[in-house]
Amino acid sequence: MPLPSASLYVHIPFCRKKCSYCDFFSVTNGEDRYRTVLSEILHQIKYFLVSYDFPRIETLYIGGGTPASLPSDILNRFLSDVRNLIPRIHSEFTVEVNPENVTEGLLQILEQRGVTRLSMGVQSLNNNVLKMLGRNTDSERTLSALACINRHWPGQKNFDIITGIPGQNMKEALTDIKSIAAFDPDHISLYSLTFEEGTPLFLKLNSGNIQKLSEDVEITMYEASLNLLESIGYNRYEVSNFSRAGFESIHNMGYWEMKPYFGSGPAGVSTIPGTSGPVRVENPKNIDLFLGGEEEKWGWVYEKIDSPSFFVEHLMMGFRLVRGIDVQRIKQVFSVDLQTIFPRTLHRWKPFLQQNGRFLALTRNGLNLLDSFLSDLLNEFDPSNIKTCTWP
Ligand code: SF4
């Protein structure tokens with residue numbers, strides 16, 4: 001089925017060391033499988049391109065895992081092969097890097113292969129925090145990576161920052177943000193630490209070795225961090241994402257706007273149109289299954305997404321945006337009017353909502369209560385109201 005355009009995410013499932021808070025799929029002992037996995041990823045990308053015949057690839061995002069942890073000759077070759085398959089990327093090409101991988105040579109490779117945006121998980125410049133997070137770097141190494149990027153990287157840059165770390169106080173959190181922002185990124189993703197089940201940090205928490213910040217402290221810290229970022233010129237455009245004007249992440253906007261995307265590589269997920277409505281196709285979080293290749297359909301798990309569930313996904317993504325959810329688009333895709341199907345919730349939340357043209361958005365205070373708002377919407381939701389879905 002021809003699509004107007006689509007985005008592509010590539011998951012490189014390798015890391016040098018596993019961070020203690022991370023539940024993304026990656027392995028640390030994969031050296032002997034770098035080449036086979038990358039070659040299978042290329043094969044899968046080719047399959048997507050041929051099966052769907054896109055007039056254009058909107059954005060390409062290579063993440064993981066740590067793509068930049070691959071040896072430079074292997075990474076260079078892989079990026080070159082990807083570009084042979086996709087010579088033209090319409091609006092954005094991002095690659096994730098970590099401080100311990102950044103060298104002038106790496107940045108040159110990325111630039112030569114047409115990468116337009118680099119995204120680095122900085123997380124913190126405080127050694128206690130980096131240690132708590134189990135990062136494979138320290139403050140000195142991270143500062144030198146930031147300086148190297150500022151000297152040698154001509155493209156856009158995003159830095160990820162995490163706050164709400166056990167033992168962290170407000171002053172430390174704000175100092176961290178100021179020091180990282182001093183390297184002048186175009187975009188900052190600011191997250192509050194979450195304890196994902198099964199991670200070493202989660203186990204430490206459960207065994208009482210560390211203590212979570214209280215919810216009040218965590219919220220106050222996030223609010224102060226947000227104010228700081230806004231005061232130095234970063235606009236919040238999504239719950240956890242901030243940018244200078246015009247530097248929003250186009251790739252991630254695609255997720256929040258529920259545009260079609262392909263995910264290649266172990267753990268990569270696609271949301272694409274099927275023969276009778278949207279489908280989700282998940283690559284396994286297992287390298288051996290993925291290497292079964294096209295013959296075994298890469299171990300895919302298919303799920304046909306029913307219209308009511310897909311509608312709920314649109315709500316959960318759309319209300320994350322400061323701009324709000326596109327009410328006209330909802331009407332076009334699901335033939336429903338939000339006011340008609342959520343009269344009680346929209347009335348009750350009126351003080352926290354604002355209509356800006358075709359967008360219905362939570363106010364700044366409302367966005368802090370996003371989870372409660374979504375839960376009220378879901379409580380009022382009657383799936384029988386959603387009968388059709390014309391997507392994308
Ligand atoms: S480097 Fe990134 S993907 Fe790898 S373990 Fe750390 S946070 Fe997870």
Side-chain angles (χ1 to χ4, degrees), residues 9-31 33-34 37-38 41 61-72 74-75 78 94-103 106 110 115 117-139 141-146 149 157-166 168 176 180 185 187-205 210 240-241 249 251-252 255 263-269 282-287 290:
Y9 170 75
V10 175
H11 191 85
I12 306 292
F14 303 114
C15 289
R16 288 285 161 89
K17 174 178 181 278
K18 201 74 196 163
C19 304
S20 62
Y21 61 99
C22 175
D23 76 339
F24 293 132
F25 175 69
S26 66
V27 299
T28 52
N29 55 352
E31 287 85 352
R33 288 189 289 182
Y34 286 165
V37 170
L38 295 177
I41 288 176
Y61 192 110
I62 302 187
T66 322
S69 70
L70 295 168
S72 56
I74 295 184
L75 177 67
F78 176 69
T94 305
V95 172
E96 285 181 354
V97 303
N98 268 351
E100 63 273 22
N101 320 121
V102 172
T103 60
L106 170 78
L110 299 183
V115 175
R117 187 170 178 272
L118 173 154
S119 177
M120 180 157 87
V122 177
Q123 318 311 6
S124 173
L125 289 173
N126 178 315
N127 274 331
N128 293 334
V129 171
L130 292 170
K131 209 163 164 204
M132 168 79 69
L133 297 177
R135 299 287 289 169
N136 193 17
T137 184
D138 58 17
S139 144
R141 179 71 194 89
T142 306
L143 281 167
S144 114
L146 288 163
I149 290 171
K157 48 188 192 269
N158 165 62
F159 298 148
D160 289 348
I161 305 176
I162 301 184
T163 65
I165 316 286
Q168 189 181 39
D176 233 4
I180 295 168
H187 188 286
I188 291 179
S189 297
L190 178 73
Y191 301 106
S192 240
L193 179 66
T194 47
F195 294 83
E196 304 292 349
E197 221 175 309
T199 58
L201 208 60
F202 178 84
L203 300 176
K204 254 189 178 173
L205 181 71
I210 51 171
S240 311
N241 284 280
S249 159
H251 183 85
N252 288 342
Y255 295 138
S264 182
V269 176
E282 293 188 30
N283 283 297
K285 292 180 177 167
N286 178 314
I287 291 179
F290 177 74

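Whatever order the structure lists ligands and atoms in, that order sets their numbers, starting from 1. Just so you know, these numbers come straight off a predicted model, no measurement behind them.
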>> So which atom in P166 and which in F195 form the shortest heavy-atom distance, rounded to 0.1 Å?
In response: CG-CZ, 3.9 Å

> Closer than 4.0 angstrom: is that true for some heavy atom of R16 and an atom of ligand 1?
Replying inline: no

> Which part of N136 is near ligand 1, with near meaning a heavy atom under 4.0 Å away: side chain, backbone, both or neither?
Replying inline: neither

>> Closer than 3.5 angstrom, by distance alone: can the side chain of H11 be matched with the main-chain N or O of F25 as a donor-acceptor pair?
In response: yes

>> So if I count the atoms of ligand 1 from 1 in the order they appear, which ones are less than 4.0 Å from some heavy atom of T66?
In response: 1 (S), 4 (Fe)

> Quick one: which ligand 1 atoms are inside 4.0 Å of a heavy atom on C22?
Replying inline: 3 (S), 5 (S), 7 (S), 8 (Fe)

> With distance as the sole criterion, is a donor-acceptor pair present between the side chains of N101 and R16 under 3.5 Å?
Replying inline: no

> Between T66 (side chain) and S69 (backbone), is there a donor-acceptor pair under 3.5 Å?
Replying inline: no

>> Please list the nearest protein heavy atom to atom 4 (Fe) of ligand 1 with its residue and the distance rounded to 0.1 Å.
In response: C15 SG, 2.3 Å

> Of all the non-hydrogen atoms in the protein, which one sits nearest to atom 3 (S) of ligand 1, and at what distance?
Replying inline: G65 N, 3.4 Å

>> Please find the pair of heavy atoms, one from K18 and one from S26, that lie closest to each other, and give the distance.
In response: NZ-OG, 2.7 Å

>> Tell me the protein heavy atom at minimum distance from atom 5 (S) of ligand 1, and give that distance in Å.
In response: C19 N, 3.2 Å

>> Within ligand 1, which atoms have a heavy atom of N98 less than 4.0 Å away?
In response: 1 (S)

>> Under a 3.5 Å threshold, yes or no: a donor from one side chain and an acceptor from the other, between Y61 and E96?
In response: yes

